[in-house]
*Asks:* 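Have a look at this one.
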Amino acid sequence: MLTVGRSRLETLVLKSWNVLNKHILRNSHEQRFVSPSFHLDLVVNRKEKSVQISNGCKSYELAFESLLDNNKSSFDSSTHQRMENIRDWNEQVDLVEWKSLSDSQIQFVWSDSRTTVFDVGALNSDVGIDPVTWNSSTFSELVASNVQDARTIGRGFDSVGYRNFFDSLAKYGVCLVNNVEPTQDATEEFCKRVGTIIPTFFSEGMWSFTSDGKFADTAYSNIPLRTHTDNCYFDSPSGVQVFHCLHHDGPGGETLLVDGFHIARLLHRSDRHAYQVLVGTPIKYRYVDPGKVACTASGTVIAEDIGGFPRLKQIRYNDYDRDVDQSHLSVAEQKEFYWALKRTAQLIQSEENEVRYKLMPGTVIFIDNWRVMHGRRGFAGRRSMCGCYMDRHDWRNRAALTLN
């Protein structure tokens, strides 16, 4: 990006303006101003009618319309909701001058005499922790060594244990919690400390299962279960999957875990075309239990977040629940999709990426169902599990309030 050259006199004038943190725009296509007292760097592009704002940590490119739309005074102070009607905007407005008010707030003056205040700090309102991906060689160091103690996790945001719980879930997509009494009631009590249990057709809240075939689901058996995410047949799959092994008196039954974000990044690096196919091809899923349930939904295997790769939002991967009818795709699209899916399955099921972890009574595992795939090895003996699904919006809200 080009910046405007400065003469000695102009530099002295700008230094004087910086003392006041006020900058009047000249008639050049692009100008850069630095406010050292508030650590703000702003580049104005008059031709594109946009600004680039840097605050020392991150840089943002914003159209003039974004600055106007997010004027601090346009929001109700009690509800924090925008009150201005976009229908009434003046589209011909131009930027005249700006003034930095603090490390995060900038005041803009516009050609129609309006003055607006933009809060740079409001741009980063997500959970605030970048995901740390893992595979079978790094899981023990990153996740298994970071087991939380249920006795230190209270109900309030000020609890250190509470913060550590959400830090692990947001960072790794998995959190292990020990010292939970191996009963369904105790597991439910702890889950309610950290989130909201949601009902599904499996149960009104908590569920328990053995290999009794109670539901038409492979989970209710003792055979191996390939890694997958749950509820692909829901428009909005559950946010967190919870498991607690209450009893097992035989061999096998290790939980399998695969970091879906790690797989997506591997695929992006090794086979960009296959990655793009899975991002751009929505397919259908279904769950059918005759006379009881008929549930269908659609989505892409990989969903990117705003901004695109490497920001990922969701992995929706389940071989068991993929619908038999994918005729909404052309024959060529079907061939490309299944080819890309096979390439991804090879990565998912490789020993390098699949973790095996033996759950013991007293340890509860919380799994981000929008990121981490789970499964299990086959087993013998009597194995009793309990668990639940938890709301995604609720845990993300708690994480944002706790970690930001």
*Asks:* Just so I know, are the side chains of Val180 and His244 near enough to count as touching, which here means a heavy-atom distance under 4.5 Å?
*Replies:*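 SC-SC contact between Val180 and His244 confirmed.
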
*Asks:* State, without any angle test, whether Trp110 and Thr116 hold a side-chain donor-acceptor pair at a distance under 3.5 Å.
*Replies:*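 The answer is yes; a qualifying pair exists.
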
*Asks:* Would you confirm whether the ring centroid of Tyr285 sits within less than 6.0 angstrom of the ring centroid of Tyr233?
*Replies:*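 No, too far apart.
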
*Asks:* I'd like to know if the side chain of Asn135 reaches the main chain of Thr138, judged simply by a donor and an acceptor atom lying under 3.5 Å from each other, with no hydrogens or angles considered.
*Replies:*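 Present.
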
*Asks:* Hey, is the main chain of Pro282 close enough, under 3.5 Å, to the side chain of His328 for a donor-acceptor pair?
*Replies:*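 Flag set: sc His328 to bb Pro282 pair under 3.5 Å.
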
*Asks:* Within the supplied structure, the quantity of interest is the number of heavy atoms (other residues, nucleotides, ligands) at a distance under 6.0 Å from Arg114 CZ; does it exceed 12?
*Replies:*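 Above 12, so yes.
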
*Asks:* When you measure from the centre of the six-membered ring of Tyr275, is the NZ or CZ of Arg272 closer than 6.0 Å and no more than 45° off the axis?
*Replies:*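 The answer is no, since Arg272 fails at least one limit relative to Tyr275.
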
*Asks:* To the nearest 0.5 Å, tell me how far Leu341 CG sits from Glu336 CD.
*Replies:*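 The CD atom of Glu336 is 13.0 Å from CG of Leu341, to the nearest 0.5 Å.
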
*Asks:* Would a distance-only check, ignoring hydrogens and angles, find a side-chain to backbone donor-acceptor pair under 3.5 Å from Ser136 to Glu351?
*Replies:*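 Checked: pair present.
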
*Asks:* May I ask you to decide whether Lys313 forms a salt bridge with Asp305, counting only side-chain N to carboxylate O separations under 4.0 Å?
*Replies:*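 Between Asp305 and Lys313 there is no salt bridge, as every charged N stays at least 4.0 Å from the carboxylate O atoms.
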
*Asks:* Kindly compute the distance separating CG (Asn318) from CE (Met373), expressed to the nearest 0.5 Å.
*Replies:*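 It comes to 10.5 Å.
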
*Asks:* Rounded to the nearest 0.5 Å, what separates atom CG in Asp69 from atom OG in Ser74?
*Replies:*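 One finds 7.5 Å between CG of Asp69 and OG of Ser74.
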
*Asks:* Between CG of Leu403 and CG of Asp167, what distance do you get to the nearest 0.5 Å?
*Replies:*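 Atom-to-atom, Leu403:CG and Asp167:CG are 6.0 Å apart.
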
*Asks:* Check whether Glu61 reaches the backbone of Gln52 with its side chain - one donor and one acceptor, N or O, closer than 3.5 Å.
*Replies:*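 Flag not set: sc Glu61 to bb Gln52 has no pair under 3.5 Å.
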
*Asks:* Kindly say whether the aromatic ring centers of Phe309 and His268 come within a distance under 6.0 Å.
*Replies:*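 Yes, ring centres under 6.0 Å apart.
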
*Asks:* Within the side chain of Thr281, is there an N or O that forms a donor-acceptor pair under 3.5 Å with the backbone of Phe337?
*Replies:*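 It does not hold such a pair.
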
*Asks:* State the CE-CZ distance between Met385 and Arg376, to the nearest 0.5 angstrom.
*Replies:*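 If we round to the nearest 0.5 Å, Met385:CE and Arg376:CZ are 8.5 Å apart.
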
*Asks:* Answer yes or no: is there a donor N or O on one side and an acceptor on the other, between the side chain of Ser168 and the main chain of Leu176, under 3.5 Å?
*Replies:*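 Checking the backbone N and O of Leu176 against the side chain of Ser168, no donor-acceptor pair under 3.5 Å is found.
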
*Asks:* Ignoring hydrogens and angles, state whether a donor on the side chain of Arg382 or His248 is under 3.5 Å from an acceptor on the partner side chain.
*Replies:*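 No, no side-chain donor-acceptor contact under 3.5 Å.
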
*Asks:* Do we see a donor-acceptor contact under 3.5 Å between the side chains of Asp394 and Thr196?
*Replies:*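 Per modelled atom types, Asp394 and Thr196 side chains form a pair under 3.5 Å.
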
*Asks:* With a 4.5 Å heavy-atom cut-off, do Tyr162 and Thr402 have their side chains touching?
*Replies:*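 Of all side-chain heavy-atom pairs linking Thr402 with Tyr162, at least one is under 4.5 Å.
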
*Asks:* Checking Asn70 side chain against Ser66 main chain: does a donor-acceptor pair fall under 3.5 Å?
*Replies:*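 Flag set: sc Asn70 to bb Ser66 pair under 3.5 Å.
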
*Asks:* Closer than 4.0 angstrom, basic N to acidic O: yes or no for Lys171 and Asp130?
*Replies:*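 Here Lys171 does not pair with Asp130 in a salt bridge, since their nearest N and O are not under 4.0 Å apart.
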
*Asks:* Do Phe202 and Trp207 have ring centres separated by under 6.0 Å?
*Replies:*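 Between Phe202 and Trp207, the centre distance exceeds or equals 6.0 Å.
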
*Asks:* Compute whether any side-chain donor of one residue and acceptor of the other, for Ser350 and Asn353, lie under 3.5 angstrom apart.
*Replies:*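 Asn353 and Ser350 do have a side-chain donor-acceptor pair below 3.5 Å.
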
*Asks:* Under a 3.5 Å threshold, yes or no: a donor from one side chain and an acceptor from the other, between Asp230 and His228?
*Replies:*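 A pair is found: one side chain offers a donor N or O, the other an acceptor, under 3.5 Å apart.
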
*Asks:* Might you confirm whether atom NZ of Lys358 has over 12 heavy atoms from other residues, nucleotides or ligands at distances under 6.0 Å?
*Replies:*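 Yes, enclosed.
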
*Asks:* Among Asp235, Asp325, Asp321, which residue satisfies the salt bridge (Lys or Arg N to Asp or Glu O under 4.0 Å) criterion with Lys284?
*Replies:*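 Between Lys284 and the candidates, salt bridge (Lys or Arg N to Asp or Glu O under 4.0 Å) is satisfied uniquely by Asp325.
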
*Asks:* Do we see a donor-acceptor contact under 3.5 Å between the side chains of Thr183 and Asp185?
*Replies:*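 Note: Thr183 and Asp185 side chains miss the donor-acceptor criterion.
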
*Asks:* Looking at Phe166, is Arg398 sitting on its ring face, NZ or CZ under 6.0 Å from the six-membered ring centre and within 45 degrees of the normal?
*Replies:*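 Pair Arg398/Phe166 does not count as cation-pi.
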
*Asks:* Between Asn231 and Ser238, do the side chains contain a donor N or O and an acceptor N or O under 3.5 Å apart?
*Replies:*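 There is such a pair between these side chains.
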
*Asks:* Suppose we call two aromatic rings close when their centres sit under 6.0 Å apart. Are Phe366 and Trp395 close by that rule?
*Replies:*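 Judged by ring-centre distance (under 6.0 Å), Phe366 and Trp395 do not meet the cut-off.
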
